Each structure stands twice: as C-alpha cells, then as structure tokens.
Amino acid sequence: MVIWPDADEAGEKFAGEVKACLEEVGVASVVVLDVPEGVSKGWDAADALSDSWTCEQADAFVCLVSETKPSDGEAQEEAESKRLASRSSLLAVADRIELWHSPQKEAFATLNINGHQEHWAVGSTRFKHWLVGRYYEEAGAAVSSQVLSDALRVFEVRAIEQGACYEPFLRTGWMQGVSWLDLGDESWRAVRITRDGWEVVESPPVKFVRKPTMTSLPEPCKGQMIEEMRHLINAEDEDYKLIIAWLIASLWGRSNSYPVLALGGEQGSGKSTMARLLRSLSDPCAVAASSLPKDERDLMVMAQNGHVLNFDNVSKMENWLSDAICRMATGSGFISRKLHTDGDAYWFHGSRPVLLNGIPTLTERADLAERALSVRLKRIDEAGRQPEDLFWQEWEQLKPGMLGALLDGLSAAIRNIDQVHLERHPRMADFARLMVAVSSGLGWEDGEFLEAYESNRRGTAEAVFEGDPVAVALHEFLMVRQGGESWVGTATELLAALNMIVSDQIRSSRFWPTKVNAFGSAVDRAAPLLRPKRIQVTKKATGSRRLIFLDVI
C-alpha cells in the first residue's frame, strides 16, 4: 500500500495512523510518500494534477520512495544532495537551448522541437512543461516545484545578462526590408513577403512568440483575386474597400499604427459574424471576440495576448476607453504596477488593430473618429440569408486564396511605398500611404481607395458633429446669431450665450456641460469638428483673462 498524504502536520499524522492500522490487519508493505520540497501547505495529489503532472510523473514520484528510511540527519543530507543534483541536471538543459531577451528585458528561450524552432517566454507555462518533460526523459523522475522555480530564475538571469537582444514579434513582423506573417501552425512556419512576391518559410529567422489562445491561419495559395469574397460582405462598394484596407493594415509587418474598424448596422446585419470572419483572416484566436475591458490594465493584458483586439456587441463607448483605443491604434504605451509588488512596473508599448461592432455609433468622439473606418453593414433579408454552417463552409474554402490575395497586395506595397507621396496627409497618414501603395496589387485603380477613404472620413466627421451638441450650438451661434462675424469672450460668457439658444431638452441632458471648466473641455473637443465648417476656435490668455476667439476662416 502507498499513502500520499497532504503536505501538512495533520496529513502526516493521519497517514501514520492509517499506516499503523494497515500493518495491524496484515498488509505486507505500507509506504508513506514524502512530498516534494517547496510545495505549498496542504499540497496533495489533486494539486499535482492541477500542476499538470502526467501519469508518468506521478508513477516516477511513487517509485522513488524507499521502504527503509535513513535517520533525520542522513535524510536531510540525502534530500539536499538530491535537490542539488536535480537543479544541476535541470540547469544542464540550458546548454541545448538559446536564451535571449527583448529590448524591454523580457526573458525568452528558443527550443528545438521536432525539427523546428519555437520561441517562448521563460516564465510561460509552455516552457515549464518542456523543462519538466526533458528532465523526466533524462532523470526518469519528476522535478520538484522548488527546483523548477530555482532553475527558472537562473534561466531568466542568463537570458537577460548573457543572452542576445532580439525583437519578439506577435503574428506580424518586419526585418531588413521583409514583412513576415506567422501562420501560427504546429510547425511554426511563417510567410516571407518581399517586393518580388511571397513564400511560406519552414524556419523563419525572426523571433515570433506565441500566446496560448492563438490559432493558425490557413496556408495561403496564389492566383486568387480579393473580389472573390465580395459576395460575403454585405456592405457598399466603398465600405468593402475600407474593410479590405483594414485587413491589409493588420497584416503589414511594418505598421506602427492601425485604423480602428467600427462595424455598425441594425439588428440582423451580421455584425458579429463579419467581425469573426475578419478576425479569422488577420489573427485567428480561440476566443474570437470579447467584451469590453473593465479598465486600462485589462486592455493592456488583451494587447499582450493577441495581435487583433475584437470587441463584440458594443453598446456604448466610455470616454476613458475611447481615449485608450486611440492610444492603442497609434502606438502609445500603458504602464501599471506589477501585481504583488510595491514599485515594479508592468507595461505594454506598441499598437494593435482594433475591431468594434455594435448597433449605435461607436465613433462619437472626434479623436476616435479621426482614427476610425466607420462601416455600416446592410441588413440581410430572409431571401439573402443562408444557414451559418454553409456560410462558414464556403468561407473556409475561400480563405486560403483570400489570404494569398492580401499577401499579393502587401508585396506590391513593398515595391511601391517609397514612391508614394500624398498631396494631403490625413490623421492616419501612414495607413493612407500604405493603401495607395497596395492598390495596384489588389487590382484597384489609382485614387480609388483615397476617394473611398475621404468620403468615409467626411461622413464620419459629419455624424460626429451632429452628435456633439456644443459643436452644433457654436456653429449656430457664430453663423446665425453672429451672422458670420468674429466673437471673443470668456468661457463663462460663451456658455451663457449658448444657453440662450439651445433647447431646454438639450440644456438638461447629460451631454450638455453645466460647469465652466467642463464647457472649456467641450469647446476643445468641438474645435476639430468646426474646422471643416470654416470656423476656427482659438484660446488665448490675456492678462488675468482667458479668452475664446471664434472666427470664420
């Protein structure tokens, strides 16, 4: 009989009592296991299962127990000797792996597995499992939690202090004039995209890292046109081009900023389905869509675990989230205190493609609207709707060719982008420049994308203007009440003047500022909405007064 006790005083005592009872009734051999070093109080077989022990590991652990136990002093010496031997054997594994670190001093390991290389964070569960497996293969025993923890700390120090520095890429990357795309398959293949075309590479030289929820893209195939998926997109032609443009940007390894794609439409327009389709062609994930984050820290965690952020059925956009998504789109950083520490930093710096869908307008704030592609999907009637399984079956057949067509566009971008010069630079100038370079690779005519993009920006700006009561009131005040004549005064005076012309319904709504400081911020947000309507808003401090100037330009 073998008894596996809880790792505490009560468990040890009870195991002794059971052992005595079993021996009394004639059991020939009763052994009480010694639990591994460094485990938590109360640790038992159920916890070993939670720690991902395999049947082989448990079997090896049981077989190591000897029926004759040495004295306490000998036991301590023997245990320490075993622990040192285990640690030495585990550290020796590092001789066969490449340890390196990122510019942010994150530790990584490159492993040779089944003829290909995999890159994992030293603290990741995957790397821990690999170490435990290699140790068992060589020592024929399970490694204790304490020895594993000690070894991981040593690996981390070696990676940061002695390892080379590389940029880890998630799904897309850019190196020496080549754009890379991680297919996410079990062989760790990637697509190499150059000015001359693209090819699938078995052993890419770039350091792609993986996250547990990432799934694989299809192996792309050549010879398809992007228009072959047009019938699956229930949007106008201009909006279809914007959807394709968002896909291109999300796959472009050189991108430092990405437009936000906001899918709108009434109930029954297939917004969630369309978002899943686009995600499957840009960054497939086991969790295809998620709810909005509770705070910036949640958003940061999401960004660290996926290339594309897809938020489903968004009913409203809080101000803090709108600002955070703007920073995420253009590549700002987030920093927070690391959990269970007093001062250590935990941060994310970079940008991510963001995909939103919902019935209401999701780009009500001007700063988000300037970074967004607002696409309204058409309602699918009963005659045009098809069973979902048939829809996805058709999409799975089309997907390899559509990915290949997008890669053709990216190859054209590498050929053309250095010769692209825009007459005017919108807020997302790099995105506009990329798409002009891509157009020939997608079979689009010159100027076709820019026309669709400018039309979308104008429509979005008008919708945001109409949804901003302060901007509408300022326009009416200057162009109607002032007859287009300039006006100057304080925020208090301007708020009083606007209160005289707006309706009681607007004045009592939560969107209308009642305090002067809130009104000043609302004027700042309204300024870019008024500029296309030839109204210039300027703030200047003159002596002890802070004045607002309204002028027609």
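Atom set for the values below is all heavy atoms of this structure, side chains included, hydrogens, waters and symmetry mates excluded. Not measured: the values here are computed from a predicted model.
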Please check this pair: side chain of [X] against backbone of [Y], looking for a donor-acceptor N/O pair closer than 3.5 Å.
| X | Y | result |
| --- | --- | --- |
| T215 | C285 | yes |
| T194 | D196 | yes |
| S290 | F311 | no |
| R158 | Q162 | no |
| D298 | M302 | no |

Using a distance-only test with no angle check, is there a side-chain donor-acceptor pair under 3.5 angstrom linking [X] and [Y]?
| X | Y | value |
| --- | --- | --- |
| S257 | D430 | no |
| W392 | E388 | yes |
| R276 | S280 | no |

Could you tell me which residues satisfy salt bridge (Lys or Arg N to Asp or Glu O under 4.0 Å) with [X], sequence neighbours excluded, listed by chain and number?
| X | result |
| --- | --- |
| E318 | K316 |
| D323 | R365 |
| R385 | none |
| E167 | none |

Inspect the contact between [Y] and [X] and indicate whether a charged nitrogen and a carboxylate oxygen are less than 4.0 angstrom apart.
| X | Y | result |
| --- | --- | --- |
| E98 | K207 | yes |
| K399 | E396 | yes |
| R327 | E296 | yes |
| R371 | D367 | no |

Residue pair L406 / I248: nearest heavy atoms and the distance that separates them:
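Residues L406 and I248, closest heavy atoms: O-CD1, 3.5 Å.
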Applying side-chain hydrogen bond (donor to acceptor under 3.5 Å, both in side chains), name anything that partners [X], two or more places apart in sequence or on another chain.
| X | value |
| --- | --- |
| H119 | T110 |
| W180 | none |
| D182 | R210 |
| S411 | R415 |

Could you pull out all donor-acceptor pairs under 3.5 Å where a side-chain atom in residues 2-12 meets a protein atom, sequence neighbours excluded?
| from | atom 1 | to | atom 2 | distance (Å) |
| --- | --- | --- | --- | --- |
| D8 | OD1 | G11 | N | 2.7 |

Using the ring-ring contact (aromatic ring centres under 6.0 Å, His included) criterion, which residues pair with Y258? Sequence neighbours excluded.
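Partners of Y258 by the ring-ring contact (aromatic ring centres under 6.0 Å, His included) criterion, ordered by chain and then number, come out as H307.
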Go through the structure and list residues passing ring-ring contact (aromatic ring centres under 6.0 Å, His included) with W252, not counting sequence neighbours.
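ring-ring contact (aromatic ring centres under 6.0 Å, His included) list for W252, sorted by chain: W174.
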Taking the side chain as C-beta and beyond, is there a heavy-atom pair between E106 and H101 under 4.5 Å?
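Contact flag for E106/H101 side chains = no.
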Do F155 and I160 have side chains that approach each other closer than 4.5 Å (heavy atoms only, starting at C-beta)?
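F155 vs I160: side chains apart.
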If the condition is side-chain contact (heavy atoms from CB on, under 4.5 Å), which residues does S52 pass it with, not counting sequence neighbours?
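Here the qualifying residues are H129.
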Can the ring centroids of W120 and W100 be said to lie less than 6.0 angstrom from one another?
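Centroid separation for W120 and W100: 6.0 Å or greater.
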